[in-house]
Amino acid sequence: MYKITAKQYLNPLICKITLREPEIAQKAKPGQFVVIRIDEKGERIPLTIFDTDKANGTITIIFQKAGTTTAKLYESSAGSELKDVAGPLGKPTRIEKFGKVLCVGGGVGAAEIYPGAKALKAAGNEVTVIIGSRTKELLILERELKEASDKLHVATDDGSYGKKGFVTDIIKDLLSKGEKFDIAFVVGPVMMMKAVSDLTRQYNTKTIASLNSNMVDATGMCGTCRVTVGGEVKFACVDGPEFDGHLVDFKELAERNNRFLKQEHESFELFKHKCKLDGCKK
Amino acid sequence: MGAKNNMPKTLYSEQDPKIRIKNFNEVASGYTPEQAVDEAKRCLRCKSPKCIGGCPVEINIPAFIKEVAEGNFEKALRIIKEKNNLPAVCGRVCPQETQCEKVCILCVAKKSIDESVGIGRLERFVADWGYENKISGAPVVVKKQQAAKIAVIGAGPAGLTCAADLAAMGFSVTIFESLHEPGGVLWYGIPEFRLPKRILSAEIDYIKSLGVEIAINKVIGSSQTLEDLRKTGFAAFFIGTGAGLPYFLGIEGEWLNGVYSANEFLTRVNLMKAYKFPEYDTPVVVGKRAAVIGAGNVAMDSARSALRLGAEEVVVIYRRTRDEMPARLEEIRHAEQEGIKFNLLTNPTKIFDNANGWVKAMECIKNKLGEPDSSGRPRPVPIEGSEYTENFDTIISAVGQGPNPLLLKSIPELKLNKRGYIEADSDTFATSIPGVYAGGDITTGAATVIKAMGAGKRAARSINEYLNQRTDIHSK
């Protein structure tokens, strides 16, 4: 069993948990993920590793409540155990000295961009981070990302904090003012990654997108996470999750991620119903 | 003895096809003790029996059948378990018609597989009897405790067999399994209605009782490398990671929603129990008309699962004829009884979408049989202009699997063949790295459970020899 040693709510949707996982803590690199299964009846879902503590043998994960599994995880308490955790999986982020680097995180993507941004800065890059959320209350990791970058920009859709608008508005601003980046990394909702990639393409800025495909085994066995990249079929779990954003077929990715929307909704409603009967915390 | 041999093979009761297509319970219920004794009495007890040679794990078939005929089921179980640690599995999933039962003298003499002794059914009966009566039947061996630790990568049929045999030789063995359940394809691939999970669990518990440790959720190559394991004291390795990489059709539209690899479809259904959604969280969606491409066991399992998940019509599309279908005879018969349609001499060429990213239809072309190809089977030749289009909302591609590169990429010095499988000696199963052995689908490409078990068994012997030759490891 896999013990949750600490838990912290970052906001009404996003939560941080620490798991005792000495082997994964030793091995994990920025950009990699674990697959978890909460209980005997649970789904296997991939979650990006936010941070590791080799000395204490723990890994930290930040996730957003989005469906049954993440809602169950949001409800679980420190001291409880997950049925299964496997990892680290996926190819790590390419960390080298590129020069000027742009890291963009939308929503909970801010947590997923963090380990890469930190490692890229440590590798001697000048790192600019842009994060965005719907509203101020949902913004996460501002302080941590400030420390992990040279410049931090914030956007909120409703203008309740930082610049009003999307992360792409800030990118547009920077690029049109003549700022040049040697490479960009982006994590967030599919359409946001598409918008960022479309924008950076115009400025010939190589862009790496970390895909949030549905997965089952996450070891290259089932192909549910297959995605077309530059006309070739790739598996996000083992060939990715990071790919050249200018080559990813985001429309296909969005459609594939909606494959089980109806069933996911049904499952979530059932969970909420059970929650009502049992009395959930949140 | 032999009084019953003028009768054909004893049948066992099966769920009515009309009822069973609405559930995932096992189709065949197995012999009763009386049926088993009757069937065992059909054995002619040949002076030089051919059946043993037809068994990849060399079970002493005439000896166990003699014990069944005399009602000594425990003795029969011990004879089987001397050679086979997964008899309840093998009795259910082995293609007996191409192995032991094919060379049975009754089959040869009467030129019909229905006349052979029901070796597979008897094996299943004896194994199930053992589990029901809580008799393990483990062979009594005085094992010398060996000092060496051995790591087995992959808890499928090859790995389980290799590990069990090494444990019986006195080695300390750990199997590293990437998924959350051990069993490999037996767990994620073969449906409940053909191999119930409680049977598989009982066999795996038996293997654990021999002293084998199984570490789940360990993706070797990613969580740890072979080198990491070597550093923690493992002296020899067996790689049995199977053929887990799904092949796709390579045709237009295969990325569409509603197109599954058989691996994904079956993993959702079997490993994640999607057939119990929403009680279980993992979904699977099957439309009204499903097409399954391919005609091996994986295709039959997919087709029959799709039917049980509510498809009104399921069509198996295969490029050759019924004679060339690679599936086990019983699976083809069961599929036919259940109303699965077969479009033979047909090959898909294109998948069309419904404008919302989902499958709507598939274009196929008809074939005729040509000259034999490298596999010895007649080559399917497309008939020009015979294309036609049919509506489907689910398409399951069961056209084969390749080697999963995840582990292999982490061992660059390991020699692979042209197709990407591990190159292993066909007798010793030694790879290009001393102390590293490999067997099963990861060396041969997708084959049968029993062939993988045979490889695991022979590799265990080689590993024993290798470790005994090494002077740096001493017995306790």
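Contacts between B:Glu181 and chain A at a heavy-atom distance below 4.5 Å involve the side chain alone, from C-beta outward.
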Show the numbers, then the answer: is there a side chain to side chain donor-acceptor pair (under 3.5 Å) between A:Glu43 and A:Thr68? CA-CA 9 Å; A:Glu43 240 187 312; A:Thr68 304; over 6 Å; no
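Taking A:Gly67, A:Gly90, A:Ala86 one by one and counting their heavy-atom pairs under 4.5 Å with chain B, the maximum is reached by A:Ala86.
Interface residues of residues 19-38 of chain A toward chain B, defined by a heavy-atom distance below 4.5 Å and sorted by number: A:Glu23, A:Lys27, A:Arg37. Along residues 249-261 of chain A, the residues that come nearer than 4.5 angstrom to chain B, judged on non-hydrogen atoms, are A:Glu252, A:Glu255, A:Arg256, A:Arg259, A:Phe260 in order of number. Within residues 301-311 of chain B, no residue has any heavy atom closer than 4.5 Å to a heavy atom of chain A.
Aromatic ring centroids of A:Tyr74 and A:Tyr9 lie under 6.0 Å apart.
Of the possible donor and acceptor atoms, none in the side chain of B:His180 sits under 3.5 Å from a partner among the backbone N and O of B:Ile216. Between the B:Lys218 side chain and the B:Gln224 main chain, no donor and acceptor come within less than 3.5 Å of each other.
Note on A:Glu266 versus A:Lys262: no salt bridge recorded, every NZ/NE/NH1/NH2 to OD/OE distance being 4.0 Å or above. Comment: A:Glu269 engages A:Lys272 in a salt bridge, judged by a side-chain N to carboxylate O separation of less than 4.0 angstrom.
Relative to the six-membered ring of B:Phe352, B:Lys350 misses at least one condition, a distance below 6.0 Å or an angle of at most 45° to the axis.
Identified under the side chain to side chain donor-acceptor pair (under 3.5 Å) test for residues 208-218 of chain A, with sequence neighbours left out: A:Asp217-A:Thr219.
Atom NZ of B:Lys276 is surrounded by more than 12 heavy atoms from other residues, nucleotides or ligands within 6.0 Å.
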